[in-house]
Amino acid sequence: MKPAGIYLHIPFCTVKCIYCDFYSIEIGNNSISRFINSLVKEIQKNKIDTNDWIFNSIFFGGGTPSLLKANYIEKILEALNNKFDISNIKEITIEVNPGEASLDSLKDFRGLGINRISMGVQSLEPNLLKFLNRIHSSKQIFETYNNARSAGFENINCDLIYSIPGQTWKVWEHNLKSVIKLEPNHISAYTLTLEKGTELFQMVNNNQVKMPRDSKTAEWFLKTHEILNSENYKCYEISNFAKADFQCEHNLNYWRIYPFLAFGPSAHGFDGNQRWNNIRSLENYLKQIESGNSPISTLESLSNKDLLNELIGFGLRMQEGINLENIPDQFLNKFNNNLEKTLKKWDNCIQIKNNRISLSLSGMIYSDAIAVDMML
């Protein structure tokens with residue numbers, strides 16, 4: 001039996017953020033009920049054999065899934081329950097934006113069994129929120145957080161972004177410490193990255209915006225980790241920090257390369273051997289489902305070598321690192337050769353302990369480059 005997760009992509013947003021490369025569309029007059037019916041139908045028609053999977057997490061992502069009314073969320077959960085054995089689920093997460101989920105709707109979500117909120121705080125500064133095209137205020141962050149606690153949520157994550165153009169260390173430190181004072185159970189602190197196809201990418205390409213230097217971002221990375229660690233938010237992945245026993249099951253499933261089902265437009269899934277993604281268009285997704293066809297747009301079978309490289313890439317992102325017992329015998333010599341070269345090239349960046357390879361804090365800054373050097 002292997003742990004597994006379920007991801008549901010809800011593509012609707014009030015507005016599109018300039019940095020976001022996840023598929024989303026403005027909610028407008030789009031037919032929510034038509035989308036829900038199609039999503040339920042996709043769940044019902046799933047043909048993947050999950051008999052030896054133990055589902056431990058469900059994640060409503062997007063987009064802004066909290067824009068959906070509770071009765072729609074309930075319909076989705078009922079479809080999942082009718083199709084799969086979800087009796088072992090530990091964590092059901094829904095993403096929420098400040099100011100876009102009322103106390104009543106949060107109570108409704110909690111009543112459905114959703115037990116984790118992931119709130120897109122990003123910044124507390126009005127000018128930075130405006131730059132990122134976030135429409136909430138600092139006041140709404142605290143209101144929504146307090147409403148989530150009042151609604152009975154005992155597991156709350158706050159997403160934050162740093163290395164934003166125009167952001168000073170003083171501002172970032174103040175924002176970070178202000179969120180820490182709220183005592184969320186989990187904090188995701190991401191550096192702002194450029195993703196192709198986003199408005200931010202175009203702005204940088206057109207010299208309208210200049211991103212912070214890599215050296216500055218690296219310095220802030222180390223100082224951010226120091227602050228969070230001092231407040232007992234332990235880093236379990238490069239950008240994710242949790243109080244004891246509050247690591248995100250959904251995240252861990254992904255980074256440990258466990259299988260997960262995925263439903264909705266642009267959703268990506270993995271069955272242990274193949275990765276797939278659905279059509280990145282709501283209208284085309286709806287047409288495919290309503291015509292009785294599969295919404296999958298690409299399907300990739302992974303070789304043993306591919307799986308090993310994923311094990312290296314994802315494993316080095318995590319504090320727990322890579323378990324050397326998981327390296328297949330057929331690749332052991334090549335892996336050890338690469339490891340030896342990588343250790344020499346990246347001095348003081350790699351740790352080997354208890355038959356596991358992980359990165360030091362300074363090594364995490366260069367995780368992507370180190371992983372490439374170690375891959376087969």
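Side chains included, hydrogens not; waters and symmetry mates left out as well; all remaining heavy atoms used.
- Taking the six-membered ring for Trp and thresholds of 30 and 60 degrees, F55 and W53 have ring planes more than 60 degrees apart, a perpendicular arrangement.
- Judged purely by distance below 3.5 Å, without hydrogens or angles, the side chains of S163 and K216 never pair a donor atom with an acceptor atom.
- K107 meets the salt bridge (charged side-chain N to carboxylate O under 4.0 Å, His left out) test with no other residue; sequence neighbours excluded.
- More than 12 heavy-atom neighbours from other residues, nucleotides or ligands sit within 6.0 angstrom of NZ on K16.
- Listed by first and then second residue, the side chain to side chain donor-acceptor pair (under 3.5 Å) pairs that reach into residues 321-331 come to none, sequence neighbours excluded.
- K341 and D373 are not joined by a salt bridge, as no carboxylate oxygen comes within less than 4.0 angstrom of a charged side-chain nitrogen.
- By the 30° and 60° cut-offs, the orientation of the rings of W169 relative to W220 is perpendicular.
- Judged by distance alone, the side chain of E195 and the main-chain N or O of D21 form no donor-acceptor pair under 3.5 Å.
- By the salt bridge (charged side-chain N to carboxylate O under 4.0 Å, His left out) test, E74 pairs with no residue at all, sequence neighbours left out.
- Using modelled atom types, one finds no donor on one side chain facing an acceptor on the other under 3.5 Å when comparing N273 with D271.
- In this structure, the ring of H186 has its center no less than 6.0 angstrom from the ring center of Y233.
- For R317 and E237, the salt-bridge test passes: some basic side-chain N is under 4.0 Å from an acidic carboxylate O.
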Go through it in stages, so that I can follow the logic: the residues are E154 and R116, the test is salt bridge (Lys or Arg N to Asp or Glu O under 4.0 Å), and I'd like the CA-CA distance, side-chain angles, deciding distance and then a yes or no.
CA-CA 7 Å; E154 297 177 356; R116 184 174 184 271; over 6 Å; no
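- Salt-bridge formation is not detected for the pair K83/E42: no Lys NZ or Arg NE/NH1/NH2 atom is positioned less than 4.0 Å from an Asp or Glu carboxylate oxygen.
- In summary, K41 and E290 do not engage in a salt bridge, as defined by a charged side-chain N under 4.0 Å from a carboxylate O.
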Could you go through F314 and Y254, starting from their C-alpha distance and side-chain angles, then the distance that decides it, and tell me whether this counts as ring-ring contact (aromatic ring centres under 6.0 Å, His included)?
CA-CA 8 Å; F314 288 123; Y254 184 74; 5.1 Å; yes
